[in-house]
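Naming convention: chains lettered A, B, ... in sequence-line order (proteins, then strands); numbering from 1 in each chain. All values below were derived from every heavy atom in this structure, side-chain atoms included, with hydrogens, water molecules and symmetry-related copies excluded.
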Amino acid sequence: MSSNDVRPFMLSDEAIRRALRPAADVVAPVGLVGRVARAIATNPRQSRWPHMPQARSRTFYLLGQLLLVLALLLALIIGAIIVGSLRERPTGGGPVFVAQGNELSAIDLQTNRLTPIVVEADGIFGVARSTSGEYVSFWTGPGPNNLVVMHADGTDRHQVARNLEAQATYAGGIDVWSSDDRFIASGVWVNGVQRILVVDVSSGEGLVIGPGDSADSPIWSPDSDWVAFAHETAAQRTIAVMRRDGSQIRDVTAGLDAHVSGPDNWSSDGTWIYFDARHQALQTSSVYRVDVQTARVEQLTHGPAAAAPALSPDDRTIAFIQFTFDGNDTLQAVFVMGADGSGPHLLADRADTRGWSSDGHYVLVVEKVLGQPVELLAITPDGAERRVLLSLDSCPDPCLTNISWGWPRP
Amino acid sequence: MSLLDPTAQPIAGHLDESSLVRGAQAGDESAFTLLIHQRQHQLYRMAWSILRNDADALDATQDTCIKVWRELPQLRDPNRFDAWLMRTLVNRCRDMLRARKRSTVREIRMADDSVEAARPSNRALADDLAEADAIRQAFDQLSADDRTYIALHYAEDRSIAEIAALVGAPEGTVKWRLSRARLSLERQLARQTR
């Protein structure tokens with residue numbers, strides 16, 4: 001562990017609150033509403049000519065649009081040439097599903113095309129592609145309270161878990177499909193408590209399971225019989241497992257002196273659960289794995305702070321993020337290493353991981369370099385091939401989190 | 001009651017909020033002004049918590065209101081008005097912080113000198129007031145994102161779930177980022193007192 005990872009100062013919550021809470025006399029100054037009223041009276045709603053209210057500017061705007069169309073045509077021609085050269089490359093195991101705002105789209109690596117699938121008036125949250133790629137699920141509002149499943153092409157859209165007596169509300173995590181596409185697990189709020197919703201996809205019936213205090217961040221065992229989840233009590237946050245019906249709950253990291261984030265992947269032979277945790281005494285985060293049967297924990301990273309392990313579908317490689325402090329700021333990069341923690345090496349700087357493609361060929365990465373467009377990349381674990389799936393001029397944090405490629409991700 | 005009178009009491013109880021939002025969407029400036037009037041202190045305090053500057057908080061609040069007015073017809077569900085308004089404000093504050101960082105490189109260096117000069121001793125830190133002052137100085141040096149997460153949680157008392165809704169992130173991500181922001185605050189504090 002580097003000295004930069006040591007927690008240098010122990011501040012109490014109360015001390016921070018006392019220092020930063022605005023005084024009681026911090027109120028909107030007199031005249032604020034009047035200024036707003038005057039401003040909106042002189043600020044017309046956006047017209048066909050956004051940000052271009054004057055006639056002369058419209059001409060420039062039209063010229064700009066024309067140039068944009070020409071650039072798009074050029075890009076299409078170049079794209080067609082590239083697509084021709086990519087036909088033999090891996091497809092990633094089917095499309096990547098990305099939701100931005102209220103639109104769900106699919107990105108096909110074979111054609112390099114982004115296809116809109118569905119628009120939901122109340123927004124789209126917690127997108128999860130099934131392992132085979134046949135289905136996709138998401139939450140939508142108002143609430144957002146409704147869990148929806150449909151075919152990957154947008155047909156047969158239907159709400160599931162309608163049989164629940166108590167309302168289950170999406171808790172903001174990442175939903176996970178079982179490896180056989182039969183079940184979905186989702187973290188939900190029920191009567192003010194975080195619990196796990198398990199949905200049988202064929203019947204559409206939902207079942208709320210988990211201990212009565214708190215359960216979130218579920219993942220499936222490879223045989224779909226068990227669910228691992230983060231179990232939080234007043235004293236500790238651990239990883240626990242339970243059967244699909246909620247029985248036989250058992251903590252598996254209770255002996256670890258660390259605050260776990262949650263289970264990230266369960267190895268395909270059923271032996272290991274990979275996760276990250278913040279060590280209580282050292283105050284740094286590391287990647288770990290725990291043997292589910294024996295509760296033996298192995299620490300896999302020992303250097304700078306590391307988190308968000310994503311195990312490849314073949315169980316051989318872990319992609320994770322590593323944090324370093326350069327004296328001014330915390331830098332975040334994506335690294336890969338062997339499943340036993342061996343041979344860590346840099347994959348993408350200034351980046352965050354979104355897990356693996358379901359065929360294990362690519363790591364999905366969001367790269368954010370200051371002054372450059374934010375890019376969603378598919379990168380082979382050896383770094384030899386980088387494919388740009390999306391390029392955005394701006395993408396405020398947290399950026400491109402509503403993504404699923406059919407493999408559980410941190 | 002004049003809608004422009006800042007001392008006037010809100011009349012939320014007499015009007016259906018959704019109707020007000022729908023009216024504002026249709027172009028009713030009075031309805032929109034009333035919506036803002038009811039929320040002005042909450043908006044301003046949240047902006048102030050993040051920016052810690054009267055003028056910037058005022059600008060952020062005003063900019064947010066104008067942006068929301070212009071884009072209001074795009075809001076499909078009137079019940080989500082508050083969430084959308086607060087989210088727009090938080091994003092505006094973060095943008096202002098980033099712009100502030102870009103445009104005040106020299107000032108940052110000068111500020112470092114002043115921090116050096118006014119560096120509180122370990123003994124002084126034992127005093128609550130000095131500690132609070134040091135925390136505020138450290139907070140001012142944080143990145144835009146770190147400031148936002150710290151301000152929302154500690155100054156505004158927003159829960160993890162509320163912050164997740166405000167910034168549009170999973171709760172796990174918010175927990176991690178908040179933890180990282182707090183560590184940055186503590187590191188900055190350590191640097192000041194070194």
Side-chain angles (χ1 to χ4, degrees), chain A residues 4 7-11 13 15-22 26-37 39-41 43-46 102 121-123 126 141-142 171-174 187 189 194 216-217 230 259 261-262 278 283 285 305 307-308 323 325 329-330 396-398 401-402 410, chain B residues 3-4 6-7 27 29 32-33 36-37 40-41 43-45 48-49 54 58 61-62 65-66 69-71 73 76-77 79-80 91 94 128 131-133 135-136 139 143 145 150-151 154-155 157 161 164-165 167-173 175-177 179-180 182-187 189-190:
Chain A
N4 283 333
R7 194 175 178 182
F9 232 94
M10 297 292 284
L11 280 173
D13 288 1
I16 302 175
R17 286 202 174 91
R18 208 165 41 232
L20 299 181
R21 185 172 286 156
V26 174
V27 292
V30 172
L32 168 64
V33 178
R35 287 169 65 172
V36 170
I40 65 173
N43 267 279
R45 291 255 165 86
Q46 286 188 358
N102 55 7
D122 293 318
I174 300 169
W189 287 100
Q194 283 201 283
D216 61 272
S217 310
H259 186 84
S261 295
R278 190 166 186 79
Q283 285 298 328
S285 177
F323 300 90
F325 189 63
D329 207 356
T330 305
D397 277 337
T401 52
N402 219 350
Chain B
L3 294 180
L4 304 187
T7 62
E29 293 172 8
F32 183 74
T33 310
I36 296 305
H37 181 270
Q40 58 173 323
H41 298 305
L43 288 167
Y44 182 81
R45 277 180 72 88
W48 197 93
S49 294
D54 291 344
L58 181 59
T61 309
Q62 190 174 325
C65 293
I66 295 168
W69 162 255
R70 295 187 65 171
E71 296 178 357
R76 290 171 190 268
D77 181 0
N79 293 321
R80 300 176 78 97
N91 284 337
R94 290 160 97 179
D128 278 357
E131 183 186 56
D133 195 40
I135 290 171
R136 283 190 286 271
F139 177 80
S143 70
D145 285 342
I150 292 275
Y154 293 104
D157 282 334
V167 302
E171 286 185 32
T173 304
K175 279 180 192 165
W176 167 253
R177 287 182 180 273
S179 162
R180 205 182 64 175
R182 185 173 171 145
L183 188 58
S184 297
L185 180 71
E186 290 168 345
R187 279 184 178 139
L189 199 57

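Residue contact with chain B, scored on non-hydrogen atoms closer than 4.5 Å, involves the side chain of A/Asn102 exclusively. Proximity to chain A (any heavy atom under 4.5 Å) is shown, for B/Tyr154, by both the backbone and the side chain. Neither the backbone nor the side chain of B/Asp54 comes within less than 4.5 Å of any heavy atom in chain A. Contact of B/Leu185 with chain A is made through the side chain alone, with heavy-atom distances under 4.5 Å. For B/Ala161, the part lying under 4.5 angstrom from a heavy atom of chain A is the side chain only.
Across B/Ile36, B/Leu43, B/Asp77, the residue that shares the most heavy-atom pairs under 4.5 angstrom with chain A is B/Asp77. Note on A/Asp216, A/Ile174, A/Asn402, A/Val36: by heavy-atom pairs under 4.5 Å with chain B, the leading option is A/Val36. For the set A/Pro22, A/Gly172, A/Ala15, the count of heavy-atom pairs under 4.5 angstrom toward chain B peaks at A/Pro22. By number of non-hydrogen pairs under 4.5 angstrom with chain A, the leading residue of B/Ile66, B/Leu58, B/Thr61 is B/Leu58.
Nearest approach of A/Ala230 to A/Ser261, heavy atoms of both residues: CB-O, 4.2 Å. Minimum interatomic distance between A/Ala171 and A/Gln194 (heavy atoms only, all atoms of both residues): CB-NE2, 3.5 Å. Between B/Ser49 and B/Ala151, the closest heavy-atom pair is O-CB, 3.4 Å. The two residues B/His41 and A/Ala28 make their nearest non-hydrogen contact at ND1-N, 3.1 Å.
With salt bridges taken as basic N to acidic carboxylate O contacts below 4.0 Å, one links B/Glu186 and B/Arg182. Electrostatic pairing of A/Asp122 and B/Arg80 does not count as a salt bridge here, judged by no charged N lying under 4.0 Å from a carboxylate O.
Under the rule for a side-chain hydrogen bond (donor to acceptor under 3.5 Å, both in side chains), A/Ser217 has no partner lying at least two apart in sequence or in another chain.
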